[in-house]
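The next block holds one structure in the form of C-alpha cells; read it before the comments.
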Amino acid sequence: MLAATKVGAVTLVFTNPLWVIKTRLCLQYDAADNKTVKYNGMLHGLAHIYKEDGIRVLYSRSCSLFGKLMRLMKRSASFTIVLITSISCQVFLEANN
C-alpha cells in the first residue's frame, strides 16, 4: 500500500505540470486572432510559465497530493486488482527464490 501511494505521489508531481502546459497550449489562441501563439511546444511552455508565472502555477491545481491520492484509490476499483496482483506476484517470486 505504501509503494502504491509513493508511485501515485510521484505520478502527480510529474504529470500535473504537463496538464497545466497542455491546457495552456490548447487555450492559447485568441478567438479574434488565431495566429497569436504564446507557446511553441511543451518545453517552451514549461520555460515560459516558469519564468513568467513561477513554479507555483504548475502545481496550483494540486491542492493536496495526499488528498488526491486517497480520492483516486477510493474511486478506482482497478487499484484493488493491481494491488492484489502486485502482492501476489511479490509473494510468488519470493517463494521461488
Side-chain angles (χ1 to χ4, degrees):
M1 183 73 136
L2 185 60
T5 305
K6 288 179 183 179
V7 169
V10 169
T11 301
L12 285 174
V13 166
F14 286 111
T15 59
N16 200 61
L18 296 177
W19 280 104
V20 170
I21 296 166
K22 180 197 73 81
T23 302
R24 288 194 179 194
L25 280 168
C26 291
L27 300 174
Q28 72 180 338
Y29 297 104
D30 189 13
D33 181 22
N34 286 339
K35 296 182 181 181
T36 304
V37 177
K38 193 171 184 179
Y39 309 109
N40 294 326
M42 293 293 278
L43 292 177
H44 180 257
L46 178 65
H48 188 274
I49 292 170
Y50 180 76
K51 287 178 187 174
E52 298 293 322
D53 302 325
I55 196 165
R56 297 184 90 184
V57 171
L58 295 173
Y59 295 99
S60 63
R61 296 283 184 195
S62 59
C63 303
S64 163
L65 291 178
F66 182 72
K68 282 190 171 191
L69 282 173
M70 293 308 292
R71 284 193 300 274
L72 179 67
M73 289 189 308
K74 286 179 183 177
R75 292 182 184 166
S76 175
S78 65
F79 173 77
T80 305
I81 295 168
V82 170
L83 183 63
I84 291 170
T85 306
S86 160
I87 292 172
S88 299
C89 288
Q90 182 179 5
V91 169
F92 176 77
L93 291 174
E94 286 177 357
N96 290 331
N97 283 336

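Position 1 is the first residue of the sequence; numbering continues from there. Here the structure is a predicted model, which means the values were calculated and not measured. Note that these values count all heavy atoms, side chains included, but never hydrogens, waters or copies made by symmetry.
Counting heavy atoms of neighbouring residues, nucleotides and ligands inside a 6.0 Å radius, atom CG of L43 does not exceed 12 of them.
The hydrophobic clustering, which links ILVMFWY residues whose side-chain heavy atoms are closer than 4.5 Å, places I49 and I55 together.
For D53, the side-chain hydrogen bond (donor to acceptor under 3.5 Å, both in side chains) partners two or more places apart in sequence, or in a different chain, are R24. Every residue two or more places apart in sequence or in another chain that forms a side-chain hydrogen bond (donor to acceptor under 3.5 Å, both in side chains) with E94 is listed here: Q90. Here L18 pairs with M42 under the side-chain contact (heavy atoms from CB on, under 4.5 Å) rule; sequence neighbours left out.
Tested against K38 for a side chain to side chain contact (heavy atoms under 4.5 Å, CB included), the candidates H48, H44, E52 yield a single pass: H48.
Atom CD1 of I21 sits about 13.0 Å away from atom OH of Y50, to the nearest 0.5 Å.
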